[in-house]
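Here's the structure, in structure tokens; my notes come after.
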Amino acid sequence: MKCTYNKSEKLKSEKLITKLFTEGKSVSAYPLRLVYLETTFTEAVSAKTGVSVPKRNFKKAVDRIRIKRVMREAYRLNKQNVFNNITTQFAFMILYIGKEKPSYNQVESATKKAFNKFLAKHTENK
RNA sequence: UAAGUAUUUCGCCUUAUCGCUGUUUUAGUAAUAAAAUGGAGGAAAGUCCGAACACCAUAGUGCAACAUAGUGGUUAAUGGCCACCAGUCGUGAGGCUAGGAAAAGUGCAACAGAAAGUAUGUACAGGUAAUGCUGUAGUGAAACCAGGUAAACUCUAUGUGGUGCAAUGUCAUGUAAACUAAUGCUUGAGCGUGCACGCGCGAUGUUAGAGGGUAGGCAGCUAAAGUGUAUUGGUAACAAUGCACGUAGAUAAAUGAUAAGGGCUUUUUCUUUAUAGAAAGAGUACAGAAUUCGGCUUAUAGAUAUACUUCAUCA
RNA sequence: GGCCUCGUAGUUCAACUGGAUAGAAUAUCAGAUUUCGGCUCUGAGGGUUGGAGGUUCGAACCCUCUCGAGGUCA
């Protein structure tokens, strides 16, 4: 399987996002926060994921877009680890809660940490 | 050389690996896969002007409201741009200017001052038969009969119908033509985005409240008052003609990430008579399309070319 | 993407429509009172009226540009 992140894997439905934020659980690994919810899709993908950077902390569009690109990249390269350990379908939303512009390495390590926490919690519940 | 003034152009590059997205072709029932080929800016920004385009009477009359304001030109259009005149700032190259009307009318002018508009009188001097009759001083931004202020109301001239791609059309999904209050049913409530008239619509109505449902796809959506260049006309803005090019289309929102190398700028150290060379470090801006154009304004590391100026300095 | 509104001491508001040291409360600081602290009383500091430019004799107020904050729409 390849390290892709195309349209069908993006979280787009406004309904599902609302549901995710009201019913979903979260783990945080500074400067990231991962919100997740177990659900089902019509498409054959393991998860749908969205990324978000608040306008409150980053006023310039350039900064927001840059951080989102980095976050998507980190997710793309590290999602295999998650997919190999879950059986059902999930919706994810990754939020950037820091206030400083990050480097790629910081984001990548935080992403790994967040997903490890998520997997630990998930398997514990089972 | 230095310090400036005005304008022009550019605003990082290469390779490897892994990706995102539009279009086309091939394979496939389809999901999708493979290949080829496009994929941010000079300001994409602010939304300050002007248009295109769409809908509402293919847009009407009057009033109100708003905008503009030297003269001429330019343009699809403008409050933009160009030329000239005037004023003003600068030694100068040049910069800036909402730059019509105060004898149509209304208003405003604190403090100071005799007096700020229905005028009136202090000191000194002059003058007269006599008197603010005349000049100067003093107050103030403005003071002998007039002025100032219109980015105060106003007048004049010109212009503007309103709303905006979340317009608008269409397909799909779903619910509540229900509830409460007011008002109205041809003697007409209200709607058509300021008011009146007019025209059109109008009863399973309209307005308000509290709620229920959907919040997805497609079209609009990118070839355009287009860009580059040459010639001609014009002081110029700009126009005409020829040739070449065919130029992003996302929607929780693509155009990227990582690594290596190289540019450019600069600091320190070393070598060298010097030019220069080597090593190490730092920096490499402002900023991200969202219907599309023409302007304006604002942000911007660093580089770049042309023309010009100077009480400068040197030859 | 479009449209609209608002910026005054650290904070909450004034300043009567252009007129002179921009005022009040609260907070802060100092002094008095108290054995000490609080309450109370007295006094002081604190503002280039978000920023820049213009109109005017004079601008918080009028105009232009800009920065920031908030609201609204199918």
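Quick note on labels: first sequence line is chain A, next is B, and so on, each numbered from 1. What you are looking at is a predicted structure, and each value in this text was computed from that prediction instead of being measured.
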Listed by chain and number, what are the side-chain contact (heavy atoms from CB on, under 4.5 Å) partners of A:Leu11, not counting sequence neighbours?
A:Leu16, A:Ile17, A:Leu20, A:Lys48, A:Ala91, A:Met93
Which residues pass the salt bridge (Lys or Arg N to Asp or Glu O under 4.0 Å) test with A:Lys112, not counting sequence neighbours?
none
For A:Lys79 and B:G19, give me the distance from atom NZ to atom C1', rounded to whole Å.
11 Å
Indicate for each nucleotide in nucleotides 252-260 of chain B, in 5' to 3' sequence, whether protein heavy atoms under 4.0 Å reach the base (B), only the sugar-phosphate (S), or nothing (-).
BSSBBBS--
Between protein and nucleic acid, restricted to nucleotides 41-45 of chain B and to nitrogen or oxygen atoms under 3.5 Å apart, what atom pairs and distances do you find?
none

If you restrict it to nitrogen or oxygen atoms, what contacts under 3.5 Å exist between nucleotides 24-32 of chain B and the protein, and what is each distance?
none

Going by salt bridge (Lys or Arg N to Asp or Glu O under 4.0 Å), name the residues that satisfy it together with A:Glu108, two or more places apart in sequence or in a different chain.
none
Decide, for B:G42, between syn and anti: a glycosidic angle within 90° of 0 counts as syn, anything else as anti.
syn
Take the protein atom CZ of A:Arg64 and the nucleotide atom C1' of B:A40, then report the distance between them rounded to whole Å.
16 Å
Taking every non-hydrogen atom, the tightest pair across A:Lys59 and A:Arg64:
O-NH1, 3.2 Å
Applying the Watson-Crick and G-U wobble criteria at under 3.5 Å, what pairs with B:C81? Answer none if nothing qualifies.
B:G73
State which residues pass side-chain contact (heavy atoms from CB on, under 4.5 Å) with A:Asn116; sequence neighbours excluded, sorted by chain then number.
A:Asn81
Holding to side-chain contact (heavy atoms from CB on, under 4.5 Å), I want the full list of residues that pass it with A:Pro31, two or more places apart in sequence or in another chain.
A:Tyr96, A:Ala110
Under the side chain to side chain donor-acceptor pair (under 3.5 Å) test, which residues partner A:Tyr75, sequence neighbours left out?
A:Thr49
Not counting sequence neighbours, which residues clear side-chain contact (heavy atoms from CB on, under 4.5 Å) with A:Ser26? List them please.
A:Arg33, A:Val35
In B:G117, glycosidic geometry as syn within 90° of 0 or anti otherwise:
syn
Are A:Asn6 and A:Ser8 close enough, and set up right, to give a side-chain hydrogen bond (donor to acceptor under 3.5 Å, both in side chains), and what steps lead you there?
CA-CA 6 Å; A:Asn6 56 27; A:Ser8 65; 3.1 Å; yes
Which residues share a ring-ring contact (aromatic ring centres under 6.0 Å, His included) with A:Phe92, sequence neighbours left out:
A:Phe90, A:Phe115, A:Phe118
Sort out the partner of C:U56 for me: Watson-Crick or G-U wobble, both distances under 3.5 Å, none otherwise.
none
